[in-house]
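As structure tokens, the structure follows; a few thoughts come after it.
Just so it is clear, the values below take in all heavy atoms, side chains as well, and ignore hydrogens, waters and symmetry mates.
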Amino acid sequence: MPDLWPAPLAGSVAGDINLPASKSATNRLLILGALSERPTILYSPLQAEDTDLMVSALRNLGVKIEQSDAAWKIYPAPLHGGKIYTGLAGTVMRFLLPLAALANGESLFHCTEQAARRPIYPL
């Protein structure tokens, strides 16, 4: 058996790390904020087509969202049915389907032609 190299030990490390924004994390946090009991502040969200689609869809279901460059504030509310355009955004499609099932009323989903050819379309 070869000799194992003893890894050096370090003391405590402290600091702050700012991670780059992520559309996937931003969309997931928007959903969690919509389902929370109190308003949620999302700092440094990624603004992109997919996150814009998620914000628009949540608003159509009754969630209030205030946006600034630095943060978005999400105010949960009773969900109602609405029209939801998912574009080509898979996260929006997958996460909003079950959320819309919790809403009071009917929701209508529509997407791009390319998205309609995806395996998720029958949902």
Side-chain angles (χ1 to χ4, degrees):
M1 183 166 160
D3 290 334
L4 299 177
W5 175 72
L9 299 175
S12 298
V13 177
D16 294 326
I17 298 173
N18 291 321
L19 299 174
S22 156
K23 73 176 180 180
S24 182
T26 298
N27 275 336
R28 284 167 169 77
L29 292 169
L30 284 165
I31 292 288
L32 291 173
L35 292 171
S36 69
E37 293 180 2
R38 295 186 296 250
T40 299
I41 300 175
L42 176 53
Y43 294 101
S44 301
L46 179 71
Q47 186 159 355
E49 183 178 4
D50 287 21
T51 57
D52 290 343
L53 289 168
M54 182 68 82
V55 167
S56 177
L58 289 172
R59 285 178 173 153
N60 288 344
L61 292 175
V63 178
K64 181 181 175 189
I65 301 172
E66 294 175 351
Q67 295 174 278
S68 72
D69 290 339
W72 296 351
K73 192 161 188 180
I74 307 150
Y75 297 89
L79 302 174
H80 56 73
K83 292 183 180 179
I84 298 170
Y85 178 66
T86 64
L88 191 58
T91 302
V92 177
M93 293 175 202
R94 288 174 182 87
F95 282 66
L96 281 178
L97 284 167
L99 190 70
L102 297 173
N104 183 17
E106 184 176 285
S107 292
L108 174 65
F109 281 74
H110 59 110
C111 59
T112 65
E113 280 187 42
Q114 186 177 0
R117 291 190 295 270
R118 287 182 170 180
I120 195 170
Y121 185 74
L123 293 177

For this session: Go through the structure and list residues passing salt bridge (Lys or Arg N to Asp or Glu O under 4.0 Å) with Glu49, not counting sequence neighbours.
Result: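 Partners of Glu49 by the salt bridge (Lys or Arg N to Asp or Glu O under 4.0 Å) criterion come out as none, since no residue qualifies.
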To check you understand the geometry: which heavy-atom pair defines the closest contact between [X] and [Y], and what is its length?
X      : Y      : result
Ala115 : Gly87  : CB-O, 3.4 Å
Leu88  : Gln114 : CD2-OE1, 3.7 Å
Gly33  : Pro76  : O-CB, 3.7 Å
Pro45  : Ala21  : C-CB, 3.9 Å
Lys73  : Pro39  : CE-CB, 3.8 Å
Val63  : Ala34  : CG2-CB, 3.8 Å

For this session: Give the C-alpha distance, both sets of side-chain angles, the deciding distance and a yes or no for side-chain contact (heavy atoms from CB on, under 4.5 Å) between Leu96 and Phe109.
Result: CA-CA 9 Å; Leu96 281 178; Phe109 281 74; 3.9 Å; yes
Enter the distance from [X]:[atom1] to [Y]:[atom2] here, rounded to the nearest 0.5 Å.
X     : Y      : atom1 : atom2 : result
Ser44 : Trp72  : OG    : CH2   : 11.0 Å
Gln67 : Gln47  : CD    : CD    : 6.0 Å
Lys83 : Leu108 : NZ    : CG    : 7.0 Å

Connected via hydrophobic side-chain network under 4.5 Å: [X] and [Y]:
X     : Y     : answer
Met54 : Tyr75 : no
Ile65 : Leu99 : yes
Leu32 : Ile41 : no

For this session: Starting from the C-alpha separation in whole Å, work towards a yes-or-no answer on side-chain contact (heavy atoms from CB on, under 4.5 Å) for Ile74 and Leu58.
Result: CA-CA 10 Å; Ile74 307 150; Leu58 289 172; 5.8 Å; no
Problem set entry | Option from Thr91, Leu97, Leu53, Val92 for which side-chain contact (heavy atoms from CB on, under 4.5 Å) with Thr86 holds |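 The side-chain contact (heavy atoms from CB on, under 4.5 Å) with Thr86 is passed solely by Val92 among Thr91, Leu97, Leu53, Val92.
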Problem set entry | side-chain contact (heavy atoms from CB on, under 4.5 Å), paired with Thr26, selected from Thr51, Val55, Asp50 |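 Of all the options given, the one that passes is Thr51.
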Exercise. Heavy-atom distance under 4.5 Å between the side chains of Thr40 and Leu29, does that happen here?
Worked result: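 SC-SC contact between Thr40 and Leu29 ruled out.
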Exercise. Just by modelled atom types, is the Ala71 backbone N or O under 3.5 Å from a matching donor or acceptor in the Ser68 side chain?
Worked result: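 Judged by distance alone, yes, a pair lies under 3.5 Å.
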